[in-house]
Amino acid sequence: MKSPARRPHGGGAHRAPYLFLVPAVVLFALFFALPIGYAVWLSFRKVQVSGLGLGAGAREEVWAGLENYTGALSDSELLNGALRVLGYGCIVVPVMLGLALLFALMLDAERVRLAPVTRLAIFLPYAVPGVVAALLWGFLYLPSVSPFHYALDALGLPQPDLLDGGPLYAALSNIAVWGGTGFNMIVIYTALRAVPAEVYEAAKLDGATPLQIALRIKIPMVAPSLVLTFFFSIIATLQVFSEPTTLKPLTNSVSTTWSPLMKVYQDAFGNGDIHAAAAQATLIALATLALSFGFLRTANRRTRQEAGR
């Protein structure tokens, strides 16, 4: 009786997984790692002008060290933009996640009518591009064309200017909440649907009301999804750009440096100083990474503490 033929122990089988990773690694390097590395390299450079800056060799790119970073950290416009985004985030994140959780709990409740249509209606604004949503709401805010202002005028009520002063934060936050609540709701709702029905049935047998089930069972069970949505919301808030940029032509209250990313764009393409803009972009990325890492570490620590009890 012949023994079964043995397969040759070549190295091809061991190299096959790495070959499948090659396209992803190449795309990651070309469109992610390489641009980041180039931006960091630019942040340590500057243009040195000799004389009047005319003629060949009058403008030369030289090593700047930490000069661009010290300039960015002492830039009052960048710091003021960060403070504005902080106030903007204090409105957007709690309201958006609160509404997303509320809608998810309502859709997960028993005897919900037209649940598929309601889910689609809540999620649909997320499918609208950010620029289009900002233009839509911008014209609804604009006193000269807004139907809300005409209705308030007809009723003899005051017509607030949402594009000026303090109400501007509410106007910008409304655009973000309108567009982002549906996505977060879907994430939380999906986590709720994954909870076994036996858990709810046992709670009902113990006499728990729907409100008690929601507060003591559903919300703790979807805590990882809440952490995930909060994490994404922080990143999106720090990177706010399209909404204030789109509303800028409609009001004088939004400057070209209203948010940190707008300041980066203005320095790079308005002032032509790509080296200072690269340093500012690097600082924003580091701040986003630090806040995100700190939040995830705190959330993981609390999860381990609760699991150890």
Side-chain angles (χ1 to χ4, degrees), residues 86 88-130 133 136-137 170 172-240 243 288-309:
L86 178 62
Y88 166 83
C90 290
I91 300 174
V92 171
V93 176
V95 174
M96 181 169 60
L97 296 185
L99 289 175
L101 178 61
L102 177 63
F103 290 149
L105 291 173
M106 292 174 64
L107 289 172
D108 191 60
E110 296 181 354
R111 300 177 181 178
V112 178
R113 297 181 180 179
L114 302 175
V117 178
T118 306
R119 285 198 305 267
L120 179 61
I122 298 173
F123 179 77
L124 192 59
Y126 178 73
V128 179
L136 169 66
W137 282 102
L172 288 169
S173 301
N174 176 64
I175 299 173
V177 170
W178 181 79
T181 300
F183 171 78
N184 295 296
M185 181 272 296
I186 290 295
V187 174
I188 300 172
Y189 178 74
T190 303
L192 284 172
R193 301 302 295 175
V195 178
E198 293 79 5
V199 177
Y200 302 146
E201 293 176 359
K204 292 177 183 178
L205 291 176
D206 289 338
T209 64
L211 180 59
Q212 291 174 334
I213 292 174
L215 295 178
R216 299 182 181 180
I217 297 178
K218 291 186 177 182
I219 294 179
M221 293 288 283
V222 298
S225 297
L226 292 174
V227 171
L228 179 65
T229 54
F230 191 82
F231 174 72
F232 287 152
S233 300
I234 290 178
I235 296 176
T237 300
L238 294 175
Q239 297 178 351
V240 61
E243 291 87 353
T288 304
L289 179 63
L291 288 174
S292 303
F293 180 76
F295 169 72
L296 289 178
R297 188 172 182 179
T298 303
N300 290 334
R301 185 184 299 123
R302 289 193 59 182
T303 302
R304 289 195 296 268
Q305 290 176 353
E306 292 177 357
R309 292 177 182 175

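The figures that follow rest on heavy atoms only: side chains count, while hydrogens, waters and symmetry mates do not.
- With S292 contributing its side chain and L289 its backbone, the two residues share no donor-acceptor pair below 3.5 Å.
- I219 is listed as a side-chain neighbour of L226, based on a closest heavy-atom distance under 4.5 Å.
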field: From CA spacing to verdict: side chain to side chain contact (heavy atoms under 4.5 Å, CB included), S173, V95
entry: CA-CA 9 Å; S173 301; V95 174; over 6 Å; no
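- Residue S225 holds its OG atom at 10.5 Å from CG of L101, rounded to the nearest 0.5 Å.
- Smallest separation of non-hydrogen atoms from M221 and I217: CG-O, 2.8 Å.
- Ring geometry for F183 against F232 counts as tilted: the plane angle lies between 30° and 60°, on a 0 to 90° scale.
- Rounded to the nearest 0.5 Å, atoms CD1 (I188) and OG1 (T229) are 4.5 Å apart.
- Heavy-atom minimum distance, V92 versus V177: O-CG2, 4.1 Å.
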message: Apply side chain to side chain contact (heavy atoms under 4.5 Å, CB included) to residues I213 and K204 and explain how you reach the verdict.
response: CA-CA 8 Å; I213 292 174; K204 292 177 183 178; 3.9 Å; yes
task: Assess whether side chain to side chain contact (heavy atoms under 4.5 Å, CB included) is satisfied between L107 and M185, documenting all intermediate values.
output: CA-CA 10 Å; L107 289 172; M185 181 272 296; 3.7 Å; yes
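- For the atom pair CD1 of I235 and CZ of F230, the computed distance is 11.5 Å after rounding to the nearest 0.5 Å.
- With rounding to the nearest 0.5 angstrom, the CG atom of L172 is 12.5 Å from the CH2 atom of W137.
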- request: Go through the steps to decide whether K218 and V195 satisfy the test side chain to side chain contact (heavy atoms under 4.5 Å, CB included), and finish with yes or no.
  value: CA-CA 8 Å; K218 291 186 177 182; V195 178; over 6 Å; no
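- Rounding to the nearest 0.5 Å places CE of M96 at 12.5 Å from CD1 of I91.
- For Y126, the OH atom sits in a loose shell: 12 or fewer heavy atoms of surrounding residues, nucleotides or ligands are nearer than 6.0 Å.
- Here the closest heavy-atom approach between residue G89 and residue T237 is recorded as CA-CG2, 3.3 Å.
- Applying the ring-ring contact (aromatic ring centres under 6.0 Å, His included) rule to F103 yields no partners; only residues at least two apart in sequence or on another chain are considered.
- Considering CD of E243 and CG of N174, their distance stands at 11.0 Å, rounded to 0.5 Å.
- The minimum heavy-atom distance between F295 and V227, with the atom names listed, is CE2-O, 3.5 Å.
- Nearest heavy-atom pair, L215 versus P220, reported as atom, atom and distance to 0.1 Å: O-CD, 3.4 Å.
- Across all non-hydrogen atoms, the minimal contact from Y189 to D108 is CE1-N, 3.9 Å.
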